[in-house]
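Structure first, commentary second.
Each ligand, and each atom within it, is numbered from 1 in the order the structure gives.
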Amino acid sequence: MPKPWLTSLEVSTPQEGYELAVLMARVAVKMTQPSDEIRRKLRTIYEQDADALIATSSVVATHFATVAAANNYWKE
Ligand code: HEM
């Protein structure tokens, strides 16, 4: 993760916005659990847990709402 890693919320397309939202969600996990080893261990659990995956979707949706608003919903 480069530093600084979040210099702007402005992106060209909704898809780029969604990718930024996923990145924002993942960075929060990395900041709160800096151990690669522990994250790898937890990944093997959540990748098979439908509720956890639905929860990740929800976190990403929240970030996406912020990014979309920051880009004025990509209206002309
Ligand atoms: C992989 C998203 C939470 C640990 C991934 C991948 C995505 C993702 C999209 C696939 C990357 C790829 O294969 O290209 C998210 C989102 C999360 C979340 C949106 C929460 C909202 C977590 C948590 C942990 C974790 C809670 C563990 C504490 C990992 C690890 C990998 C991974 C170790 C595999 C290695 C890597 O690609 O970096 N995650 N994740 N993630 N996630 Fe998560």
Side-chain angles (χ1 to χ4, degrees):
M1 180 167 75
K3 268 192 179 224
W5 67 275
L6 185 62
T7 51
S8 173
L9 290 179
E10 282 176 39
V11 290
S12 308
T13 65
Q15 185 167 339
E16 277 180 44
Y18 199 81
E19 284 161 10
L20 177 58
V22 171
L23 178 64
M24 289 163 79
R26 295 188 75 187
V27 168
V29 171
K30 204 167 178 178
M31 288 171 95
T32 50
Q33 179 44 268
S35 161
D36 285 346
E37 192 191 339
I38 295 175
R39 284 199 315 275
R40 268 201 307 273
K41 218 180 277 173
L42 293 174
R43 166 74 176 171
T44 61
I45 300 167
Y46 94 75
E47 72 185 359
Q48 304 206 39
D49 179 340
D51 289 340
L53 294 171
I54 291 167
T56 64
S57 208
S58 178
V59 172
V60 171
T62 304
H63 288 308
F64 184 68
T66 303
V67 174
N71 288 277
N72 198 26
Y73 303 94
W74 295 278
K75 290 180 197 153
E76 286 302 311

If you count every heavy atom of other residues, nucleotides or ligands that lies below 6.0 Å from E37 atom CD, does the total exceed 12? no
Nearest 0.5 angstrom please: [X] [atom1] to [Y] [atom2], how far?
| X | Y | atom1 | atom2 | value |
| --- | --- | --- | --- | --- |
| K30 | W5 | NZ | CH2 | 11.0 Å |
| T66 | N71 | OG1 | CG | 11.0 Å |
| E47 | T56 | CD | OG1 | 12.0 Å |

I need the nearest protein heavy-atom contact for [atom]: residue, atom name and distance, please.
| atom | result |
| --- | --- |
| atom 25 (C) of ligand 1 | Y46 CE2, 3.1 Å |
| atom 9 (C) of ligand 1 | V22 CG1, 4.1 Å |
| atom 3 (C) of ligand 1 | V29 CG2, 3.6 Å |
| atom 35 (C) of ligand 1 | R26 NH2, 4.4 Å |

What are the atoms of ligand 1, with element, lying closer than 4.0 Å to any heavy atom of [X]?
| X | answer |
| --- | --- |
| A25 | 19 (C), 21 (C) |
| V60 | 19 (C) |
| L42 | 27 (C), 28 (C) |
| V59 | 21 (C) |

Do V59 and I54 sit in the same hydrophobic cluster, where Ile, Leu, Val, Met, Phe, Trp and Tyr count as joined when their side-chain heavy atoms come under 4.5 Å apart? no
Let me check something: do L20 and V27 share a hydrophobic cluster, defined by ILVMFWY side-chain heavy atoms less than 4.5 Å apart, either directly or through other members? yes
Close side-chain approach of R43 to R39, heavy-atom, < 4.5 Å: no
Closest candidate by heavy atom, reference atom 20 (C) of ligand 1, pool T62, L23, T56, L53: T56
Closest to atom 32 (C) of ligand 1 (judged by heavy-atom distance), picking from M24, R43, Q33: R43
If we set the cut-off at 4.0 Å for heavy atoms, which region of I38 has an atom near ligand 1: side chain, backbone, both, or neither? neither
Please find the pair of heavy atoms, one from A21 and one from F64, that lie closest to each other, and give the distance. CB-N, 3.6 Å
Using every non-hydrogen atom in the two residues, find where Q33 and S35 come nearest and quote the distance to one decimal. OE1-N, 3.0 Å
Would a 4.0 Å cut-off, counted as strictly less than, catch a protein heavy atom around atom 14 (O) of ligand 1? no
Atom 43 (Fe) of ligand 1: protein heavy atom closer than 4.0 Å? yes
I want to know if ligand 1 touches R40 in the polar sense, i.e. an N/O pair below 3.5 angstrom. no
Check for me whether R39 has a heavy atom closer than 4.0 Å to any atom of ligand 1. yes
